[in-house]
Amino acid sequence: MKEERGAILQRRTKHDDDLPDEIVLDILSKLPVKSLLRFRCVCKPWNSSIANPNFIINHHHHHGYVIHIPRYIPVLLPSSLPGSSHSSDQVCTLACDRTFETISEFRVPFTFQSGFPHFVGSCNGMLCFTSSRSWSNVVYLWNPSIRRFKRLPNSQLFIMSLGIGFDSQNNDFKVVGIPRTFAKPKPPPEVEMYSLSSDSWKRVELGISWRPNVVSHKFNCVLRFPFVCGHLHWMIEMIEEGGGQEKHDTSMILSFDVNSEKFKELPLPDDEGICITKCVTSYKGKLALIKFGNGTQPHVTRCSIWVMREYGVIDSWNKLCVLSIENLTDLIGFTRDGLLIRKSSRPVSTNSELESKDKSVLIDLETLHEKEISTHAKYGFDEATYMESLALLDGTNVISY
């Protein structure tokens, strides 16, 4: 940072009323991205300062929004059908994180030869997409606030489960992918990791003991794989064989430290309740677990929500609440004010036919009050926290549009 401040100081005319470099940089760090892109043209010192990785890190903390990324059908463009390969028709909506009022909309600027954009995750202003086709290894990074994107070099593996995180020690974005394996019994999953700074993939060892009698395993993809406390997380649900021919279900949370590039297994909460499936996500910056089960009434889903108050400590798992949700069709994720879901409404008679439409609902986790939210989404969509950022400002094979 001293070199950065010195560069500004050397180019400025010395006057008693000049602002100190620290104040200049602090003012710049609070400006929106569009202004900073214009100010890069003011002078070379400002250009180099704005592109400096330390400045980019300081800047991204000042602007936070919620971004709605539609699944299958783009928002406001019902003419694009599920399975369409026309990714340019896909529209993302930037909305206020409390009122969900639309701030702006922008189209996905890249296309896939097959399938439609599948949202991987959002991290420090960077969005990650891959193809909806399970056999594709095409991955894009995209920063809509500066209108730049980058296609990653192809992985050696056909990756099924992707997550994006940020290495705070090296100021580096990393994408971690785990492919599907078909061998029986199931071997430990192979892992590849992409580093933006090196612009390359590499193999990463799992490095933890793998259960020897696993005959099948799957990654629960109900929600995106969360990046919490510097770690990416996957919920792996497995079937193990016992001493005889009996089989039983088991599960584990796989955690990856993007700084050290090491895996570990995190303990699940001690809960005897019966559940159909479970997934990991994030809630207010903490790791969260959702267990799904059948409710006491027809068409009711029981959701037990757990939060790990102290990361990595099994005794810190806390059952936040238990929800009974009628006609649940999709789980979108947590927002600052609750759990966002999609649920089907009661059938309505239209042209002598009964028609049921989905609606977006925000559930307050303290009062359990349900509030319908207008998102203009006819079908399901993804939701993620988004911050304006200068990430991907420069680099190899970065495309501006």
Side-chain angles (χ1 to χ4, degrees), residues 120-121 123 128 137 155-170 172-195 198 200-243 247-271 275 277-282 286-291 306-317:
V120 173
C123 181
C128 183
N137 61 355
S155 164
Q156 297 299 312
L157 304 172
F158 288 108
I159 292 171
M160 294 294 299
S161 305
L162 282 167
I164 181 172
F166 183 74
D167 180 347
S168 58
Q169 291 182 356
N170 299 294
D172 190 14
F173 287 91
K174 294 178 178 178
V175 178
V176 181
I178 304 177
R180 175 183 292 175
T181 56
F182 296 95
K184 290 186 178 182
K186 288 288 184 180
E190 296 179 287
V191 182
E192 279 206 330
M193 186 199 73
Y194 169 83
S195 163
S198 67
S200 63
W201 293 86
K202 71 175 183 180
R203 294 289 178 96
V204 179
E205 293 295 328
L206 193 62
I208 62 173
S209 59
W210 186 250
R211 294 169 173 81
N213 299 319
V214 173
V215 294
S216 71
H217 69 253
K218 67 175 183 177
F219 293 87
N220 189 299
C221 301
V222 172
L223 294 173
R224 298 174 308 282
F225 305 114
F227 179 64
V228 178
C229 296
H231 295 71
L232 278 166
H233 302 85
W234 293 263
M235 172 61 71
I236 306 179
E237 297 180 316
M238 299 170 284
I239 297 177
E240 288 186 280
E241 285 185 341
K247 297 179 180 179
H248 63 276
D249 296 331
T250 184
S251 54
M252 65 180 289
I253 299 175
L254 187 64
S255 168
F256 179 74
D257 186 332
V258 298
N259 289 349
S260 67
E261 300 178 1
K262 302 293 184 182
F263 282 96
K264 65 180 178 181
E265 181 179 351
L266 288 182
L268 274 74
D270 186 14
D271 182 19
C275 74
T277 188
K278 58 182 76 73
C279 70
V280 282
T281 182
S282 61
K286 297 185 181 296
L287 188 66
L289 172 72
I290 304 178
K291 293 187 173 186
W306 293 76
V307 175
M308 183 177 268
R309 291 173 294 184
E310 185 178 350
Y311 185 78
V313 179
I314 185 172
D315 294 336
S316 71
W317 279 113

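One is the number of the first residue; the rest follow in order along the sequence.
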Could you give all pairs that pass the salt bridge (Lys or Arg N to Asp or Glu O under 4.0 Å) test and reach residues 306-315, with sequence neighbours left out?
none

Any non-hydrogen side-chain atom of Lys174 less than 4.5 Å from a side-chain atom of Leu232?
no

Heavy-atom pair with the smallest gap, counting every atom of Lys291 and Cys275:
CB-CB, 4.1 Å

Taking atom OG of Ser161 and atom CH2 of Trp234, what is their separation to the nearest 0.5 Å?
8.5 Å

Mind checking the NZ-CD1 spacing from Lys264 to Ile253? Nearest 0.5 Å is all I need.
11.5 Å

Without hydrogens or angle criteria, can the side chains of Asn137 and Ser155 be said to hold a donor-acceptor pair below 3.5 Å?
no

d(Ser316 OG, Trp306 CH2) to nearest 0.5 Å is 11.0 Å

Looking at side-chain heavy atoms only, is the closest gap between Leu287 and Pro226 below 4.5 Å?
yes

Any idea how His233 and Tyr311 line up, ring-wise: parallel (<30°), tilted (30 to 60°), or perpendicular (>60°)?
perpendicular

How long is the gap from CZ on Phe263 to CG on Asp257, to the nearest 0.5 Å?
10.5 Å

CZ on Arg203 to CE on Met193, rounded to 0.5 Å
13.0 Å

Does any part of the side chain of Lys202, heavy atoms only, come nearer than 4.5 Å to the side chain of Glu261, both counted from C-beta?
yes

Between Phe256 and the options Leu206, Val176, Val191, the side chain to side chain contact (heavy atoms under 4.5 Å, CB included) test singles out Val176

When you compare the side chain of Ile178 with that of Leu254, does any pair of heavy atoms fall below 4.5 Å?
yes

Taking only residues at least two apart or on different chains, which pairs with a member in residues 229-239 satisfy salt bridge (Lys or Arg N to Asp or Glu O under 4.0 Å)?
Lys218-Glu237

